[in-house]
Amino acid sequence: MCSLGGHIPGNPSCKCTHTEKYGSWECEHNPMCPLEGHTRAVSSVSFAPDGKTLASGSYDKTVKLWDAASGSQMSSLEGDCFCFCDGYIATVLDRVLRVYTLVGKPIAFFTAPMTVNALAFKNQYLSLGCVGGQVVHLDTAFQVVQQPEA
């Protein structure tokens with residue numbers, strides 16, 4: 001079984017040791033073999049509930065979606081924090097919350113009353129932790145047709 005990140009034989013950027021055993025590949029992970037794509041420090045990582053997608057949030061104000069099997073980058077989204085729920089990913093940057101499909105298609109936007117520092121998704125409900133001590137709860141059965149102004 002190979003580990004995440006394109007850690008496969010034949011990948012020239014992979015520095016792991018690969019051994020074929022019983023018709024499959026085993027991979028001895030090398031920590032010098034990272035996923036690359038962010039330009040600043042990575043602040044959070046999480047697998048989608050189905051385990052097929054990995055997301056990474058960064059101080060470069062992007063959330064990257066990665067194919068967990070191959071390690072290839074699938075999408076780059078606006079945001080510096082994120083959370084998964086029910087086949088969606090929500091990202092936040094300053095006051096703007098965006099909800100996307102797991103392939104990065106935007107489906108909803110919301111502007112919070114204050115800068116958002118944290119978010120949590122459960123069923124159709126999204127909670128935002130805002131500066132100034134506010135927690136805002138949203139029902140994500142909403143649809144917004146235009147992107148919020150910057």
Pairwise distance OG1(Thr115) to CD(Gln134) - rounded to 0.5 angstrom: 11.0 Å

Arg40 backbone acceptor or donor facing Ser58 side chain under 3.5 Å: yes

Compile the donor-acceptor pairs under 3.5 Å between side chains in residues 41-51 and protein atoms, sequence neighbours left out, one pair per line.
from  : atom 1 : to    : atom 2 : distance (Å)
Ser43 : OG     : Gly57 : O      : 3.3
Asp50 : OD1    : Lys52 : N      : 2.9

With Ser127 via side-chain hydrogen bond (donor to acceptor under 3.5 Å, both in side chains) - residues at least two apart: His137

Minimum side-chain heavy-atom gap Asp94-Val116 below 4.5 Å: no

For Ser56, all residues meeting side-chain hydrogen bond (donor to acceptor under 3.5 Å, both in side chains), sequence neighbours excluded: His38, Trp66

Partners meeting side-chain contact (heavy atoms from CB on, under 4.5 Å) with Cys83 (sequence neighbours left out): Ala90, Leu119, Phe121, Leu126

Under 4.5 Å side-chain linkage, directly or through intermediates, the cluster mates of Leu77: Val63, Leu65, Met74, Phe82, Phe84, Ile89, Tyr100, Leu102

Hydrophobic cluster partners of Leu93 (side-chain heavy atoms under 4.5 Å): none

Between OG1 on residue Thr111 and CZ on residue Arg98, distance to nearest 0.5 Å: 8.5 Å

